[in-house]
2 protein chains.
Amino acid sequence: MSSTTRAWHLASRPKGMPTDANFELKEVALADLAEGWIRVDNQWLSVDPYMRGRMNDVRSYVPPFEVGAPLEGGAVGTVVESRSPHFKEGDTVFHMFGWRESVTGPAEKFNKVPPLPVEAHQWLGNLGLTGGTAYFGLLHVAEAKEGDTVFVSAAAGGVGSAVVQIAKAKGMTVIGSAGGADKCAWVRELGADVAIDYKAEPVAHALLRAAPKGVDVYFDNVGGDHLDAAFAAARNNARFAICGMIDSYNGGEPYAFRYIMRVIAARIAVKGFIYTDYLPLMGEFYRDMGGWISGGQVKSRETIREGLEATPQAFLDLFSGGNMGKMLVRL
Amino acid sequence: MSSTTRAWHLASRPKGMPTDANFELKEVALADLAEGWIRVDNQWLSVDPYMRGRMNDVRSYVPPFEVGAPLEGGAVGTVVESRSPHFKEGDTVFHMFGWRESVTGPAEKFNKVPPLPVEAHQWLGNLGLTGGTAYFGLLHVAEAKEGDTVFVSAAAGGVGSAVVQIAKAKGMTVIGSAGGADKCAWVRELGADVAIDYKAEPVAHALLRAAPKGVDVYFDNVGGDHLDAAFAAARNNARFAICGMIDSYNGGEPYAFRYIMRVIAARIAVKGFIYTDYLPLMGEFYRDMGGWISGGQVKSRETIREGLEATPQAFLDLFSGGNMGKMLVRL
């Protein structure tokens with residue numbers, strides 16, 4: 001084992017859409033194992049749209065990444081050395097040390113994954129932040145229930161594809177939007193009752209046609225025209241869970257909402273949320289999601305890029321729809 | 001007593017800002033009193049921004065006004081003839097028959113006002129739809145509580161001025177926006193900690209300066225730049241009660257929101273509401289508001305126009321800020 005590893009650093013803060021120049025792969029020292037520390041070699045790295053926000057110099061629900069420092073993010077690896085009584089070599093762990101090959105740190109910064117018979121990368125996908133975001137947003141924020149009509153944007157993405165399947169497992173009618181015929185076909189395969197190709201026509205038109213009686217729930221990953229379409233199509237007392245607004249993460253023109261005034265007449269409840277607020281409910285999530293995965297009601301699909309070098313581009317491709325299902329990097 | 005009366009009718013549907021030509025004052029027959037009916041002569045008519053929505057041919061939470069039919073709206077009058085055991089001559093009643101001198105109808109369409117020592121027009125103001133909207137929106141929709149910092153737009157209007165005073169009576173810090181120095185001075189007289197003159201500078205700048213630690217609650221009467229400012233200034237878990245968006249009632253360009261993405265990081269909850277949904281809570285409202293009025297914590301101010309002929313212009317003036325406090329027509 002070497003005492004160094006390679007890690008992606010934030011070289012500079014992006015303005016608008018990030019480029020390769022904002023990232024730098026550097027050799028960094030690995031601290032020796034203190035008492036209670038472990039060393040982990042990563043197998044899987046997660047790239048997620050929310051990370052774009054941390055590249056800005058803005059205090060938000062998590063501090064911004066620092067320029068010149070390694071990028072943090074979800075990763076799954078194997079314990080290769082342990083000075084903690086709680087971990088042994090070979091344990092699979094999830095952690096947030098991010099885009100790097102190896103890491104050493106105090107044991108409490110790592111989570112041993114629960115003993116479920118799933119592939120390791122699922123802990124970054126349907127059983128991780130991605131699936132948890134879908135689960136808590138749909139069922140706890142939007143309080144979606146059997147019989148509801150649910151609209152979810154970016155339905156072919158990691159979070160969106162989980163929302164589609166959870167909603168179907170719970171007996172809801174699901175309308176998913178995605179860009180292009182291939183993605184729409186997959187959204188239907190996941191069980192969606194209707195898939196809307198937002199590249200083919202204005203999403204508000206398609207949504208009103210797909211749901212002439214309106215929607216009870218909107219799960220927002222996109223913002224902009226998708227959120228406006230949901231305002232247009234909302235039934236009385238509709239609930240919107242605002243998970244992401246990928247349309248706006250890289251700047252651009254603010255969106256002019258035509259239908260936002262329907263919030264009043266339809267008594268729409270719009271609520272933003274952050275996955276980590278729901279960590280106390282992880283037990284419920286593992287129980288339900290574990291059951292759906294083993295029962296075949298929730299399937300996963302990944303877009304996998306190979307090698308640490310591929311990480312920034314995998315991240316950038318999230319913003320041009322380059323992924324079907326969860327985007328991952330395999331080391 | 002004649003068997004006719006005069007009533008304002010919707011002559012045509014406005015496109016954008018209404019004009020005099022959309023309204024017509026006509027003589028109409030008054031139906032004879034059937035068993036169980038009463039006849040009421042109006043003293044006070046209410047003009048309210050929400051009525052603009054009913055002039056469009058759009059089904060909303062209430063049906064649209066019909067072209068050629070009398071306009072409906074809140075009014076207070078005196079029973080002058082009764083064939084109902086529940087009403088006697090001289091009773092003060094509130095009803096929704098609107099912009100007219102007299103009306104006959106079945107007793108169940110009229111509400112005898114509670115026995116509180118207030119002037120009759122209060123039943124259209126702080127003890128009516130206006131005050132009730134403020135009360136339910138602030139305390140039940142936004143769940144504002146002691147210690148919260150509350151931002152309310154159109155704070156010199158009927159609803160807004162009630163929000164300011166209820167919030168102060170409940171121990172909140174209040175920032176109100178209004179157009180011009182006179183209105184701002186009155187908003188401060190009502191007890192607001194800060195009054196923002198939105199005509200003097202962009203409201204987002206003023207709000208962030210007035211509330212450097214942000215706001216917990218926003219009571220929206222305006223939409224557009226005011227709502228966007230509230231997105232910018234929202235603290236974590238802020239609650240927005242969306243009562244009105246007067247900026248948009250007459251059409252115009254949809255507003256491009258710069259700060260709406262903060263819904264996610266700050267976990268903002270935005271909820272539209274309609275006064276009538278809270279009618280089951282009128283007992284609580286009368287108890288609290290009656291107490292505040294008799295205790296001097298809630299004062300009323302009216303902008304009063306004289307005579308039935310003045311009604312459409314009184315309504316139109318709502319959209320150019322022509323009122324301080326509640327706009328009323330006295331017959």
Side-chain angles (χ1 to χ4, degrees), chain A residues 49-50 52-54 56 58-62 64 133 137 141-142 220-225 227-228 231-232 234 236-278, chain B residues 49-50 52-54 56 58-62 64 133 137 141-142 220-225 227-228 231-232 234 236-278:
Chain A
Y50 82 87
R52 176 63 186 83
R54 295 191 65 187
N56 297 330
V58 175
R59 271 209 68 84
S60 179
Y61 54 96
V62 282
T133 297
V141 181
D220 192 15
N221 293 305
V222 171
D225 62 343
L227 177 54
D228 209 22
F231 284 133
N236 280 357
N237 302 304
R239 292 91 61 203
F240 291 10
I242 311 294
C243 170
M245 295 192 181
I246 198 168
D247 263 9
S248 306
Y249 289 177
N250 295 302
E253 285 302 301
Y255 189 82
F257 288 88
R258 293 170 53 87
Y259 302 107
I260 193 170
M261 202 166 69
R262 291 202 71 251
V263 161
I264 302 169
R267 294 87 152 169
I268 303 170
V270 179
K271 181 95 174 69
F273 75 102
I274 302 293
Y275 166 75
T276 48
D277 291 346
Y278 295 88
Chain B
Y50 81 87
R52 176 64 186 82
R54 295 190 67 187
N56 297 330
V58 174
R59 270 208 71 82
S60 180
Y61 54 96
V62 281
T133 298
V141 181
D220 191 15
N221 293 305
V222 172
D225 62 343
L227 177 55
D228 209 21
F231 284 133
N236 281 357
N237 301 304
R239 292 90 61 204
F240 290 10
I242 311 295
C243 170
M245 293 193 182
I246 199 169
D247 263 8
S248 306
Y249 289 178
N250 296 302
E253 285 301 301
Y255 189 82
F257 288 88
R258 293 169 53 87
Y259 301 107
I260 193 170
M261 202 166 68
R262 292 202 70 251
V263 161
I264 302 169
R267 294 85 152 171
I268 303 170
V270 179
K271 180 93 175 70
F273 75 102
I274 301 293
Y275 166 74
T276 48
D277 291 347
Y278 295 87

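What you see is a predicted model, and the numbers here were worked out from it, not measured in a lab.
Note: V270(B) leads V270(B), I242(B), V141(B) in heavy-atom pairs under 4.5 Å with chain A. Chain B forms the most heavy-atom pairs under 4.5 Å with one residue out of I274(A), I264(A), D220(A), V263(A), and that residue is I264(A). Annotation: maximal heavy-atom pairing with chain A below 4.5 Å, among A241(B), G223(B), A266(B), C243(B), occurs at C243(B).
Every residue two or more places apart in sequence or in another chain was checked for a salt bridge (charged side-chain N to carboxylate O under 4.0 Å, His left out) with R262(A), and none qualifies. Contacts of D277(B) classified as side chain to side chain donor-acceptor pair (under 3.5 Å), with partners at least two apart in sequence or in another chain: R267(A).
Listed by first then second residue, pairs satisfying side chain to side chain donor-acceptor pair (under 3.5 Å) with a partner in residues 238-252 of chain B read R52(B)-N250(B), D148(B)-R239(B), not counting sequence neighbours.
Proximity of Y278(B) to F273(B): side-chain heavy atoms (C-beta onward) are separated by under 4.5 Å at one or more points.
If you measure heavy-atom distances from I260(A) to chain B, the contacts under 4.5 Å come from both the backbone and the side chain.
The shortest non-hydrogen separation linking A265(B) to N236(B) is O-OD1, 3.8 Å.
Of residues 251-258 of chain A, those residues lying under 4.5 Å from chain B by any heavy-atom pair are P254(A), Y255(A), A256(A), F257(A), R258(A).
In this structure, CD1 in I268(B) is found 6.0 Å from CZ in F231(B), a value given to the nearest 0.5 Å.
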